[in-house]
Amino acid sequence: MASSSSWNQIFCGLAFVFFGLFLGSSTSPAEAAIKKYQFDIQVKNVSRLCHAKPIVTVNGRFPGPTIYVREGDSVLVNVTNHAQYNMSIHWHGLKQYRNGWADGPAYVTQCPIQTGNSYTYAFNVTGQRGTLWWHAHILWLRATVYGAIVIMPKQGTPFPFPQPHREAEIVLGEWWNADVEEVVKQGTNMGLPPNSSDAHTINGKPGPLFPCSEKHTYAMEVEQGKTYLLRIINAALNDELFFGIAGHNLTVVEVDAVYTKPFTTQAILIAPGQTTNVLVQANQVPNRYFMAARPFMDAPLQIDNKTVTAILQYRGVPNSVLPILPQLPSPNDTTFALGYDKKLKSLNTPKFPANVPLKVDRHLFYTIGFGTQSCPSCLNGTRFVASLNNITFEMPQVALLQAHYFNIKGVFKTNFPDKPPTPFNYTGAPLTANLGTSKGTRLSKIAFNSTVELVLQDTNLLTVESHPFHLHGYNFFVVGTGIGNFDPAKDPAKYNLVDPVERNTVGVPTGGWTAIRFRADNPGVWFMHCHLELHTGWGLKTAFVVEDGPGKHQSVLPPPKDLPKC
Ligand code: C2O
């Protein structure tokens, strides 16, 4: 590996082990390399919170290995499934230009990798640098099957911010004491949300505020006067999180692998699916400081206030010193959340321009709603469902991309409505109206290279709630957001079309709306869903079929030979 010695230096201080995961690669430091990884999906006994249980892992590690690449590299990840579950891995935020075959969502771009089988994800990392992550994209297996993706800028291209002394990945997650798939099954059978997690974790560790967790605490050593880059990833299934470090400010420099205008804050807000890079200056009295994360929840739902901690430890300070806890915004602090999101702006320099589509070819308006469906065997005789424009998405039996590429009829329809069938007061008093929600595998067809504006509107159907929406295959610009009903006559005038934040996952605020724009220049079938696993499971998802372009290099690539079969 080109930079293995420098990486080694960077990470040995953090007790980071990634040797042995790496199978081999080219040696030229200046040129793009082929990076190869072997991912063995295997079950391993892991103990947390005074319990041991078998979990699904990659190479027996929790979290799984970090993928280190440089912009321009090619990546080959051979995934061999030794677990009892079907598997697929998604490279969250990688654009996979023309190459949905490597995107990973089960039954969307591929059939799952069955037990005993292998599949090699082959993709290029082009035009992106920063922090992304990978995770299982089937069932709730991403609860334990996830890891970081670090894309370094091209050799000789510095960061557009002060070079950090060292860097570390901070991967936030959730831990269940029981088998997660069993928990989900129980919930589904009863028609209720599955039990919520028993802990949050930082790099797989809950930290000393949880029982039996003293030894499961992540610690990062720092030297006074030095600057550190933290690559923070929210791999939690269902919780938006605040994160902060006692006594230290965080300077946000990148989100979802796109540079931002730097700004300083005491805490960040990060939704499932999102990544945030921050610079931290070790400029305080040498001591031990807690980093901490806990949920943000401003919907009228039960608040989960579990706090995960890790330690920022100045060199030379003994472990016996009790760490100091940061002050995080209170769990329902909407004002902080909205204010924080407002500060996020694209860097927008000549080198890193924000190419916001100014003219829109296709206007889409999707409402987000909850509802109930009759379920005679369920506890209340009903089960929860969720919908976009009154459609609860039904997963197909054959992968959508295969059906699209090979023109297999009857798998999906392309009649997803551009707007809700009947407009209503979306965010008024709680609604229980039966809007005729129906199930279906309905997609929206988008012309190649057209510009799309999508307004996602939360509704008060059963309850308002915030939803982090993720679009596969693309980044988009968040041109506007607001509370209440989107007003097509007034709100577009307030859009930021100059330097809006560019990302792949965005929060739709509780009882509000968010407008995004993107250019549909990546042909294929691209999943779009709420990144709260609970809501995805209830049907809060759909996909775009982006047609091939006329050019030679504008159509979906042929599928790889080892593409799994259903
Ligand atoms: Cu990170 Cu389809 O998800």
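Atoms within a ligand are numbered from 1 in the order they appear, just like the ligands themselves.
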Taken in chain and number order and not counting sequence neighbours, the residues that satisfy side-chain hydrogen bond (donor to acceptor under 3.5 Å, both in side chains) with Thr510 are Asp298
The side-chain hydrogen bond (donor to acceptor under 3.5 Å, both in side chains) partners of Thr131 (sequence neighbours excluded) come to Arg231, Asn277
Scanning both residues in full, the closest heavy-atom pair of Leu557 with Tyr405 reads O-CE1, 3.7 Å
Here the disulfide (SG to SG under 2.5 Å) pairs for residues 65-132, sequence neighbours left out, are Cys111-Cys566
Measure from the side-chain N and O atoms of Asp239 to the backbone N and O of Pro295, and report whether any donor-acceptor pair falls under 3.5 Å. no
Closest heavy-atom pair, Thr505 versus Asp256, reported as atoms and distance to 0.1 Å, is N-OD2, 3.2 Å
With a cut-off of 2.8 Å, strictly less than, protein N/O/S atoms near atom 1 (Cu) of ligand 1 add up to 3
The atom name of the N, O or S atom in His472 nearest to atom 2 (Cu) of ligand 1 is NE2
